[in-house]
Amino acid sequence: MKNSIVRAAGLQIRNQRIRDAVLNGVPKTGPPTLRSRWARSRYVSPEGINEAFSLAKEIVDKEAANHKSAAGEVEKELKSATGEEQRAELAKNLEHHLVKSEFHNPEVRFNFMVKDSVDLNEPIYRYLSRTEWAAKEMLILMQRLEQHHVIPDTMPTLDPRAQVDVQFVTPTMSSFEPGSFLSNEVCERRPRISIQEFEPIAKDSLYSVVIVNPDVPDLENDSFKTLLHYAAVNIRISNDAPEVDFAQATELADYLPPHPEKNAPAQRFCVWVFRQPARVEGAEISREGFDIRQFAGANNLEAVGAHMWRVRYDLTTDFIRAKYGLGPGSVYFRARTAKPEEALLHVRHRQKWEKFVETPSK
Amino acid sequence: MMNWKQGLRAFQAVVRPHISAAQPTLVRAKRTTKLAPGASRVINMVSVISARKKQPRRLKMCKEDQVRHQMIMAAWKLHLRDEKAERTNKLKAQYEKITEACDELQKLDPALYEAATAREKGKRFSPEMRIPTDTPPRQPWQFDWSPPDK
């Protein structure tokens, strides 16, 4: 019974001493995961854990063997199945049995606990990662998207299936929570984006990333309009390679740094990630008045993930505007005058801007 | 009624009689003197009703043992699930057998079937049954008891 189930070699714990301790009990020298010799010598395992473990292993292995044989049968069925719906159903069933066959594997649990040799090609690691993400980060993301009305201001809704992580090039390279306020200087250059898929996808599946700002003041209509800040299509993503390689992708619009206006409300920068059914041919798109729904509909794109950050006019905005030649911008006032154009461009702001451009700061 | 300060002094007077009520200082060092009579009882009572005692102590385990513990708990759940499934299946099989036997009886002798499956209206669990208690009653069994006439 003990050797009835053969575990995949890729799921084993890499460190042999830790592996022995997990499978056969903590040795007399103490648990190898404890760092100091003092702690190792003091450690006492709970009473009876080794006896209980060997009994438990029989039950768990039996369960795993059942699921493994079920998975084998489903796989055979999948090979002979022809209908599209039937195949999808069988694939889902197969994934379920594959997850369940390693669900109680102590080695997998240990690897996932210490985040070591977690191979996202394995169904069990995808399941555990998704569960962890869905318990916290996904909830925060959806709350922010709804709270800040990214849904439905940009796209109608989102069924979150991929974990999108955005990192700007800063000394710490830390990722941020969706909806955070960032400084203009921080989001000056294109961020690093990773798209972690939890469903089994083909190697080098195609994805698109679009960053839009729906909060550009539209004076003529007394409203706001959308500006496209970045668009890239044909990004290659695999389950185990979530980092976006922009060099391989087709950029439809290069990165335009955020440049909010003085006294205008905070601007939302919405990152949308789409799955592509096929390659999208690059075509010129205009940034102003960009319609993301029309773009997604025309290219048959399916939204799977999103992220967002917010930017206000701050000390670094003028520096960014001067560096990238984005003009002085406008200054807005609470009171409306008969001649809005005159009031918009504050005289003192204009004078300061001219001085700033003449002698740019280091 | 005592206020809380008076209560504290009274408590200290029991626990630490060598400290006078006029000088309520805490002793932080290890206790060297013997406790006053009754003091250990008071301490016991107080510690039993404290919040810490109401939940079991958290197991402090290394990562290896955490994983092993998780697997044991999972196996226990599986075991309970299997046991429950086994019991359910057994009861289901028994019920099916009863139904089968009754059907057979109905075919053979309808009158006997009617008698066997007649609903016993008003038949209930004895209301005179003693209410279960933690300790036995003073008189364990009433030998000359008879049911009241209907």
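Proteins come first, then strands; the chains are lettered A, B, ... in the order of their sequence lines, and each starts at number 1.
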Q) Does CD belonging to A:Glu85 count more than 12 external heavy atoms closer than 6.0 Å? A) no
Q) Applying the side chain to side chain donor-acceptor pair (under 3.5 Å) test to A:Gln163, which of A:His307, A:Gln196, A:Glu137 qualifies? A) A:Glu137
Q) Can you say whether A:Leu23 sits under 4.5 Å from chain B via the side chain, the backbone, both, or neither, judging by heavy atoms? A) backbone
Q: Give a yes or no on this: more than 12 heavy atoms of other residues, nucleotides or ligands lie within 6.0 Å of atom NZ of A:Lys115.
A: yes
Q: Under 4.5 Å heavy-atom distance to chain B, tell me which part of A:Tyr43 shows up: side chain, backbone, both or neither.
A: side chain
Q: Apply the side chain to side chain contact (heavy atoms under 4.5 Å, CB included) test between A:His97 and each candidate in A:Asn93, A:Val99, A:Leu94; give the one that qualifies.
A: A:Asn93
(Q) Evaluate A:His96 against A:Phe103 for ring-ring contact (aromatic ring centres under 6.0 Å, His included), listing each step before the verdict. (A) CA-CA 10 Å; A:His96 165 80; A:Phe103 195 67; 9.5 Å; no
Q.
Only heavy atoms, only distances under 4.5 angstrom. Which residues in residues 60-91 of chain B are near chain A?
A. B:Lys60, B:Met61, B:Cys62, B:Lys63, B:Glu64, B:Asp65, B:Gln66, B:Val67, B:Arg68, B:His69, B:Gln70, B:Met71, B:Ile72, B:Ala74, B:Ala75, B:Leu78, B:His79, B:Arg81
Q: Under 4.5 Å heavy-atom distance to chain B, tell me which part of A:Val44 shows up: side chain, backbone, both or neither.
A: neither
(Q) Other residues, nucleotides and ligands only: do more than 12 of their heavy atoms fall within 6.0 Å of CD on A:Glu243? (A) yes
Q: Kindly write out the residues that satisfy side chain to side chain donor-acceptor pair (under 3.5 Å) with A:Arg130, not counting sequence neighbours, or none if the list is empty.
A: none
